[in-house]
Amino acid sequence: MTPLAHPPRRAVRVLLASIAVTATATALLLAATPTTASAVDVFGALRVPGAAAFIVGHRGDRAEAPENTMASLERAMEALDFVETDVRLSRDGVPVLFHDTSLERVAGSRHSVDELDFDELRRLDVGAWYGAEYAGERIPTLDEFLEALASRETARALVELKADWTPEEVRTVVDLIERHGLRGRIVLQSFSLETLFAVQQVSPTTPRIMLIRELPAEPVALAERLGVIGFGTTAASVTAVPGALEALHAAEIAVLCYTLNTHESWQEVSELGVDGIITDQPSELDQWLATTAPGT
């Protein structure tokens with residue numbers, strides 16, 4: 001979940017002030033539209049310090065299979081309540097699961113996803129870099145992933161819309177969610193304010209999370225302005241704003257931390273009382289929680 005450019009806390013405050021002054025009547029109306037699902041509806045009771053957080057498999061189970069492939073995602077869906085994945089649009093407008101801007105790291109191509117049509121993307125091998133046993137893995141479509149998710153009654157997903165999406169582009173994702181009957185089991189998330197506003201415009205009842213490297217001084221105001229049910233942020237950000245977690249929980253807004261892969265970081269956020277931990281090591285985290293928080 002590598003962020004794009006993220007404004008510091010002061011910049012977020014300035015941005016909020018600017019929005020409050022310059023937003024159009026339409027935007028103000030949208031901001032007042034509540035979501036039908038709350039954080040409690042989606043994630044269950046919000047956590048208290050020391051309570052076990054729920055586990056989110058980052059790009060599936062990256063410890064066992066290549067990220068954002070069906071092999072990785074299906075492993076996570078079988079074992080976890082939540083799986084996280086990333087969506088980009090191909091040049092011809094097909095939503096596909098892929099994280100990086102460039103295809104080079106996992107597919108050996110210097111192109112970006114949006115420079116190739118889906119048929120071209122589909123020919124790329126995104127598994128061989130991880131291990132010979134995964135050679136031939138292909139970039140999945142969002143449609144394929146949602147079909148697999150729908151077949152598992154308890155599986156849910158955090159779906160990150162990478163970069164900036166227009167309302168028309170967001171509609172393609174919302175339509176797929178509706179087609180598969182997954183309303184309430186999919187949470188859309190983004191670092192992009194433009195994308196979050198687009199989701200709010202197209203489908204204000206779709207649960208959504210704002211991804212942000214640093215929480216602002218008044219995170220509840222930001223959450224209410226955007227109509228989000230939670231924030232995905234860093235552990236350092238939660239500790240840097242005293243009282244933020246408590247204020248968010250009082251407003252029934254969830255806090256998830258990414259991407260944590262060590263016992264020390266798991267211990268830290270568990271003591272804080274964050275609601276979810278996004279990790280590349282979901283099986284190990286599950287075992288750690290079973291040891292440190294028996295009964296989970």
Do [X] and [Y] come within less than 4.5 Å of each other through their side chains, counting heavy atoms only?
X    : Y    : result
R91  : D117 : yes
L149 : I186 : yes
V106 : L124 : no
I177 : V159 : no
L142 : T172 : no
L289 : I277 : no
E84  : Q189 : yes
V238 : V269 : no

Let me check something: do [X] and [Y] share a hydrophobic cluster, defined by ILVMFWY side-chain heavy atoms less than 4.5 Å apart, either directly or through other members?
X    : Y    : result
V42  : I278 : yes
L176 : V87  : yes
V174 : V228 : no
L89  : V173 : yes
L196 : L188 : no

Could you tell me whether the side chain of [X] and the main chain of [Y] form a donor-acceptor pair under 3.5 Å?
X    : Y    : value
R185 : A155 : yes
R88  : K162 : no
S270 : A52  : no
D286 : S283 : no

Partner set under side-chain hydrogen bond (donor to acceptor under 3.5 Å, both in side chains) for S90, not counting sequence neighbours: D92

Contacts of T85 that satisfy side-chain hydrogen bond (donor to acceptor under 3.5 Å, both in side chains) - sequence neighbours left out: N68

Mind checking salt bridge (Lys or Arg N to Asp or Glu O under 4.0 Å) for [X] and listing every partner two or more places apart, or none if nothing turns up?
X    : answer
E115 : none
R105 : E67, D100
E178 : R183

Stepwise side-chain contact (heavy atoms from CB on, under 4.5 Å) check, V113 with L103: CA-CA 7 Å; V113 170; L103 292 154; 4.0 Å; yes

Residue pairs, two or more places apart or on separate chains, that pass side chain to side chain donor-acceptor pair (under 3.5 Å) and touch residues 144-154: E78-R152, R122-E144, T141-E144

Please give me the minimum heavy-atom distance between [X] and [Y], naming the atom from each residue.
X    : Y    : result
N261 : Q281 : OD1-N, 3.7 Å
R62  : S72  : N-OG, 3.9 Å
S192 : A163 : CB-O, 3.4 Å
E160 : S190 : CG-CA, 4.5 Å
S203 : T206 : OG-OG1, 2.6 Å
L215 : V241 : O-CG2, 3.7 Å

Measuring from [X]:[atom1] to [Y]:[atom2], what's the distance to the nearest 0.5 Å?
X    : Y    : atom1 : atom2 : value
L182 : H180 : CG    : NE2   : 7.0 Å
L226 : I209 : CG    : CD1   : 12.5 Å
T262 : E268 : OG1   : CD    : 8.5 Å
L80  : L285 : CG    : CG    : 9.0 Å
D143 : D175 : CG    : CG    : 11.5 Å
Y258 : T279 : OH    : OG1   : 14.5 Å

Verdict with reasoning, W129 to E137, per side-chain contact (heavy atoms from CB on, under 4.5 Å): CA-CA 10 Å; W129 71 277; E137 285 286 333; over 6 Å; no

Please set out all donor-acceptor pairs under 3.5 angstrom arising from side-chain atoms of residues 245-257, sequence neighbours excluded.
residue: H249; atom: ND1; partner: R47; partner atom: O; Å: 3.2
residue: H249; atom: NE2; partner: D275; partner atom: OD1; Å: 3.2
residue: H249; atom: NE2; partner: D275; partner atom: OD2; Å: 2.7

Derivation and outcome, side-chain contact (heavy atoms from CB on, under 4.5 Å), residues R138 and D125: CA-CA 6 Å; R138 305 301 173 186; D125 186 325; 3.8 Å; yes

side-chain contact (heavy atoms from CB on, under 4.5 Å) involving H263 - partner list, sequence neighbours excluded: W266, E284, W288

Criterion side-chain contact (heavy atoms from CB on, under 4.5 Å) on L97 and L73, from CA distance to verdict: CA-CA 10 Å; L97 307 189; L73 295 162; 3.4 Å; yes

List in chain and number order the residues that pass ring-ring contact (aromatic ring centres under 6.0 Å, His included) with [X], two or more places apart in sequence or in another chain; answer none if no residue qualifies.
X    : answer
Y134 : Y130
W165 : none
F43  : F54, F82

Side-chain hydrophobic cluster, 4.5 Å single linkage: members besides L46: V40

R59: which of T69, V83, D86 passes side chain to side chain contact (heavy atoms under 4.5 Å, CB included): D86

